[in-house]
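Contents: one structure, followed by commentary.
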Amino acid sequence: MAEFRRYLYAPYSGKRVSALKQNPQWRMVYGRANHTDEHSQVIRPYPVEPFRLERLYETCFICQPAAFIRKEVFDKAGGIDESFHFCMDYELWMRISKHYLIGFIEDVLATSSMHKDSKTMTQYHSVGVPEIIRASVKNYGSVADHWLSQYFLYIVLQNSKRL
């Protein structure tokens, strides 16, 4: 995934393992992260929040490279659903959260690249939001208003370009 580089802060890898050891009820843990540009310079914090199941339905607030999942949970959840190309991590969080506790630590644990050529910038509305809608229906049987309004806005803007 050359166009969407993500880096772990190696010194913090142990923090995730320690958090899982100290909190055996957590089956997955994640922390804060930063968006970086094409030169790996921090642009802004990734919009991470402490875990709330209701909120996960509304938005993806877990930065994938800042997450750590116990292997048995990953395996029992069925791993990555390869039919998704954009929101495979978000869809996995949805499945895991239905059966397991997810923990949160305040430390910055990773970065996520955000620049003009990144998948988030080039495919968010055309691929990402439709996949998120599909993942929501698959896992919840419904879709949060936030995702529907983003998709509706994208369709309206696409149609207005044709006028």
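Fair warning: this is a prediction, and the values are worked out from it, not measured in the lab.
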Apply side-chain contact (heavy atoms from CB on, under 4.5 Å) to the pair Phe84 and Lys138, showing each step before the final yes or no.
CA-CA 12 Å; Phe84 292 96; Lys138 174 186 171 186; 4.2 Å; yes
Derivation of the side-chain contact (heavy atoms from CB on, under 4.5 Å) call for Ile62 and Met28:
CA-CA 11 Å; Ile62 299 172; Met28 174 181 151; 4.0 Å; yes
Could you walk me through whether Asn139 and Lys98 pass the side-chain contact (heavy atoms from CB on, under 4.5 Å) check?
CA-CA 9 Å; Asn139 288 286; Lys98 288 194 277 186; 3.4 Å; yes
Working note: Ile69 + Ile96, criterion side-chain contact (heavy atoms from CB on, under 4.5 Å); need CA distance, chi angles, decisive distance, verdict.
CA-CA 9 Å; Ile69 306 165; Ile96 289 172; 3.9 Å; yes
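To the nearest 0.5 Å, the span separating NZ on Lys15 from CD on Gln22 amounts to 11.0 Å. Expressed to the nearest 0.5 Å, how far CG of Leu53 lies from CG of Leu101 amounts to 10.0 Å. For the atom pair CG of Asn34 and CD of Gln41, the computed distance is 11.5 Å after rounding to the nearest 0.5 Å. In this structure, the separation between SG on Cys63 and CG on Leu109 is 9.5 Å, given to the nearest 0.5 Å. Ser97 contributes atom OG, which lies 15.0 Å from atom CZ of Arg27 (distance to the nearest 0.5 angstrom). Atom CZ in Arg55 sits 5.5 Å away from atom OG1 in Thr59 (nearest 0.5 Å).
Between Tyr30 and Phe104, a ring centre-to-centre spacing shorter than 6.0 Å is recorded.
Arg70 pairs by the salt bridge (Lys or Arg N to Asp or Glu O under 4.0 Å) definition with nothing, not counting sequence neighbours.
No more than 12 heavy atoms of other residues, nucleotides or ligands lie within 6.0 Å of CD in Glu82, so this atom counts as exposed by the packing criterion. Other residues, nucleotides and ligands contribute at most 12 non-hydrogen atoms within 6.0 Å of the CG atom of Asp145. Within 6.0 Å of NZ in Lys76 there are 12 or fewer heavy atoms belonging to other residues, nucleotides or ligands.
Between the side chains of Tyr124 and Gln150, at least one donor N or O sits under 3.5 Å from an acceptor N or O. Between the side chains of Ser142 and Tyr57, a donor-acceptor pair is found at a separation under 3.5 Å.
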Indicate every side-chain donor-acceptor pair of residues 128-137 with a distance under 3.5 Å to a residue at least two apart or in another chain.
unit_1	atom_1	unit_2	atom_2	d
Glu131	OE1	His85	N	3.1
Glu131	OE1	Phe86	N	2.8
Glu131	OE1	Cys87	N	3.1
Glu131	OE2	His85	N	2.9
Arg134	NH1	Ser83	OG	3.3
Arg134	NH2	Ser83	O	2.9
Ser136	OG	Ile132	O	3.0

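Residues Ile80 and Met88 approach most closely at CG2-CB, 3.7 Å, considering heavy atoms. Minimum heavy-atom separation, Ala66 to Ala33: CB-CB, 4.3 Å. Across all non-hydrogen atoms, the minimal contact from Ile105 to Trp26 is CG2-CZ3, 4.2 Å. Among all heavy-atom pairs drawn from His39 and Asp37, the shortest one is N-OD1, 2.8 Å. The two residues Leu56 and Trp93 make their nearest non-hydrogen contact at CD2-O, 3.7 Å.
The residues Arg95 and Glu91 are annotated as salt-bridged, a charged nitrogen and a carboxylate oxygen being separated by less than 4.0 angstrom.
Without hydrogens or angle criteria, Arg16 side chain to Phe68 main chain gives no donor-acceptor distance under 3.5 Å. With hydrogens and angles disregarded, a donor-acceptor distance shorter than 3.5 Å links the side chain of Arg32 to the backbone of Val48.
The side-chain heavy atoms of Cys60 and Met94, taken from C-beta on, include no pair separated by under 4.5 Å. With contacts defined as side-chain heavy-atom distances shorter than 4.5 Å, the pair Phe61/Pro50 does not qualify. Phe74 places a side-chain heavy atom less than 4.5 Å from the side chain of Leu92.
Trp147 and Phe152 sit in two unconnected hydrophobic clusters of ILVMFWY residues. Membership requires side-chain heavy atoms under 4.5 Å apart, directly or through other members.
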